[in-house]
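Report on the following structure.
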Amino acid sequence: MNTKNNTIFNFKMYVDALKRMRLPGLLYIALTIFITIIIPIGNYLSYISYDEGNISQTTVPILSTFIYMALAYVLCAPSLTLSAFSFLTKRNGSDYFHSFPQTRKCIFTVIMSAVLTWIIGIISACFVSAVIIYSILGKMFVLNIFALFQFLLCVLAASVLVCAACALSCTITGTSFTNFIVTGIILFMPRIMLTFVINTVTNSNVLLSSNEFLPLIDNRYNVVVSTFSCFLEGTYENFTNWSNIIYTFLLGILYIIIARLLYARRESESAGKASIGRKTQNLIRVFIAFPICLLPINFIYDLAINNESAELNPVTIFNCVIFYIVSILCMGIYELLSTQKIKNLKKICSSVIILGIVNVVIIISMTLLYKVEINYAPDANDVKYIQTGAFTNYDSYNYFEQQVCHHKITDPEIIKILTDTLKDNINDSQISDIINDNNRTRVSVQFKSGPILKTRNLLLSNKQLETLNILMEKNKKITEIYSTLPEFNPANMTIYSSWNTSQDEFNKNELRSIYNSLRAEIKTVDTNEWKTLTESRNEKYSMSTSFMLTLEINDINETTITDLPISTLTPKTFVLALNIQNKNTNDNSVTDIKNVLSDLLSAKKTGHELSNPPNCLSVYVTCNDTNGNSKNLIALDYYNDTEFDYNQLAATEEADIEKAIQYIDYAATKTEIEYTETDVIQKNQYTVSYYLEYYDTCYYSSGEIIYFE
């Protein structure tokens, strides 16, 4: 009698399993290291060749740079797992492994451990090689090691889930074809069904939102599914949260436990068969056909909730019948491909009955779910807090708005307005099409009135928006959000300047000093004025804003890009920026423009031609004062093959060459401005932009200077 060794794990068998997979495993590791190294080297060579040797440090965007690691669970995990369990598709291989003295649970544990070891090795190779290469190129790149670790942990969680799904499919099927089909069903079919239910129900009414509609079964929590959604949507955000990583890990572990139990009960005779039993084959056929039934289910559901878009007529009935016929044909095709026996077609009758029951259950469930959700209207006293963005007519994704969205608002007045609005919207939606009401603005609001957050798209009138904005401005905690900028962190933050014509003129230390000055100064200014200025809705300061910082924060799940205006509202930072700008004015460009202006002035006074005329010349000097007035001191396009009319130039307001030279002379001195609030705010300050281009030699000079009068 053959007795089994009841050990949980066998190390020798584990080493043998690793050796069997060493060829594909080592190839994947080598490929990972190669890609990880070649990307930063290529970027480095591209930057230094483009910038002619000038190197500026940039933060490495984790998701877009390392997105190729999705191959770990898209390619590596399924190929290694299906290969490791491929013996289950052949009778002799299945008999051989099942004859081992170890128990089946031990064999399964050993094989899964070997597969996951290679996966961990591939991911670790990426992490180690990335840390090394980006450390070597540290003068150019800043790598957030913790963010990279979190992303690769997310990749590992997705890989565990894919390995588990593949192993589970191998334990309930017996051919390579059905292995592949069932793996796809396990990974994606539950999500297809849930996504269909959520999107169909939430699209039934403008008030409902798919965001956090059914927590824990949202697609974002499943890293594998959310990855494909990110590729389709063109964004890589919102799928590497810790909650997503934990959820995906737990789901993968659950699948592994189920697969281990099924493997222990699997009969060796199942090798080569489509599935391990008749019931399993029935379920597979139902899942194969179900996606075809989504359109008729959607139509029947719309009829059930009295949706105006649903109209019962012969065409729609015909379409529904056709889709159900096609779903039955898909069952038959799968049965033929998986069993290769025509006589088995009669077995799909039981699957047709099950498919019909599933359709009815889903339609009833969706209808009941819609009725419950659309009638959600909590009283203000029952709401603990709400979360929402700013009450505006436009979408904003800057740092301040994101912080407001994460803030829990407990103000009873705000909550009362929003709960009353929700009740009014529900009543209005039952008697009219409120989505086409152009006099209302849609705002997404989350209500915390129970164990979970409920998200609703409220339609607010202009008067309600105005009232809510006033209440938000009075909220001290929200005020603190707009008065607080994060401490600069080079690992995930980048600062750009938007006012200078040449980014190379401003080094990172100058940009950081301006940012740190602004960060300290906004705490002392009027928060509401600062808030409206950042939203570009303040006429008092918008025209006098000569400088603009752009702050980019690259967190692993969220990227914010925020314009930070520097104006007379923040005079200390304004003067600091002025002095840096004047100090960095290019001496050669000042001399070039002054020589051209002097030549023009001399030719204008004497009536002679230019002393050294180019084939084509463009000269522009523009002045902007603190009151928002803009004036072209000179705007000249000169062509050598056309007659130049100096009298016409002298008669125009755009020919103040003397004034232009005066400002250019000031640029040559580059006098440092001393800070006094009175000078900055009350004196006439001019920002003079100049532009000079010789078309015949492709010579270009430009710049910007600051002048006080």
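Here, residue 1 is the first one in the sequence, and each next residue gets the next number.
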Hey, is [atom1] on [X] packed in by over 12 heavy atoms from elsewhere, all under 6.0 Å?
{"X": "F9", "atom1": "CZ", "value": "yes"}
{"X": "K448", "atom1": "NZ", "value": "yes"}
{"X": "F34", "atom1": "CZ", "value": "no"}
{"X": "F196", "atom1": "CZ", "value": "yes"}

Would Q387 and C405 count as a side chain to side chain contact (heavy atoms under 4.5 Å, CB included) if you check the C-alpha gap in whole Å, the side-chain angles of each, and the deciding distance to 0.1 Å? CA-CA 6 Å; Q387 288 181 270; C405 289; over 6 Å; no

How far apart are the closest heavy atoms of [X] and [Y], and which atoms are they?
{"X": "L63", "Y": "F151", "answer": "CD2-CD1, 3.4 Å"}
{"X": "P190", "Y": "I185", "answer": "CD-O, 3.3 Å"}
{"X": "C293", "Y": "L355", "answer": "SG-CD2, 3.9 Å"}
{"X": "M366", "Y": "V201", "answer": "O-CG2, 4.0 Å"}
{"X": "P78", "Y": "V162", "answer": "CD-CG1, 3.7 Å"}
{"X": "C163", "Y": "M112", "answer": "CB-CE, 4.1 Å"}

Okay, side chain of [X], backbone of [Y]: is any donor-acceptor separation there less than 3.5 Å?
{"X": "T195", "Y": "I192", "answer": "no"}
{"X": "T248", "Y": "V223", "answer": "yes"}
{"X": "S513", "Y": "E510", "answer": "yes"}
{"X": "E552", "Y": "I561", "answer": "no"}
{"X": "N516", "Y": "R512", "answer": "yes"}
{"X": "R260", "Y": "I257", "answer": "no"}
{"X": "T200", "Y": "V197", "answer": "no"}
{"X": "T65", "Y": "I62", "answer": "no"}
{"X": "R285", "Y": "M331", "answer": "no"}
{"X": "S83", "Y": "L80", "answer": "no"}

The test is side chain to side chain contact (heavy atoms under 4.5 Å, CB included); show your working for Q150 and I245 and say whether it passes. CA-CA 9 Å; Q150 184 180 354; I245 295 173; 4.0 Å; yes

With heavy-atom distances below 4.5 Å as the criterion, would you say the side chains of [X] and [Y] are in contact?
{"X": "N222", "Y": "L187", "answer": "no"}
{"X": "V182", "Y": "I172", "answer": "yes"}
{"X": "T117", "Y": "Y14", "answer": "yes"}
{"X": "V358", "Y": "I354", "answer": "yes"}
{"X": "I297", "Y": "F290", "answer": "yes"}
{"X": "W118", "Y": "L26", "answer": "yes"}
{"X": "M193", "Y": "I362", "answer": "yes"}
{"X": "L485", "Y": "L564", "answer": "yes"}

Once you round to the nearest 0.5 Å, how far does [atom1] of [X] lie from [atom2] of [Y]?
{"X": "I145", "Y": "L152", "atom1": "CD1", "atom2": "CG", "answer": "11.5 Å"}
{"X": "S129", "Y": "I37", "atom1": "OG", "atom2": "CD1", "answer": "5.5 Å"}
{"X": "S124", "Y": "L156", "atom1": "OG", "atom2": "CG", "answer": "8.5 Å"}
{"X": "R20", "Y": "I111", "atom1": "CZ", "atom2": "CD1", "answer": "6.5 Å"}
{"X": "C154", "Y": "I246", "atom1": "SG", "atom2": "CD1", "answer": "11.5 Å"}
{"X": "I38", "Y": "N43", "atom1": "CD1", "atom2": "CG", "answer": "10.0 Å"}

If the plane angle is over 60° it's perpendicular, under 30° parallel, otherwise tilted; pick one for [X] and [Y].
{"X": "F488", "Y": "Y515", "result": "perpendicular"}
{"X": "Y134", "Y": "F141", "result": "perpendicular"}
{"X": "W242", "Y": "F146", "result": "tilted"}
{"X": "F108", "Y": "F85", "result": "tilted"}

Check S159, C126, C76 against M69 for a side chain to side chain contact (heavy atoms under 4.5 Å, CB included) and give me the one that passes. C126

Do I123 and I119 pass the side chain to side chain contact (heavy atoms under 4.5 Å, CB included) test, and can you show the C-alpha distance, the side-chain angles, and the key distance before you say yes or no? CA-CA 6 Å; I123 296 173; I119 295 296; 4.0 Å; yes

F66 vs L148, test: side chain to side chain contact (heavy atoms under 4.5 Å, CB included). Steps then yes/no. CA-CA 8 Å; F66 294 93; L148 175 61; 3.9 Å; yes

Indicate whether the side chain of T36 and that of Y68 have a donor and an acceptor atom separated by less than 3.5 Å. yes

Any side-chain donor-acceptor pair under 3.5 Å between S351 and N282? yes

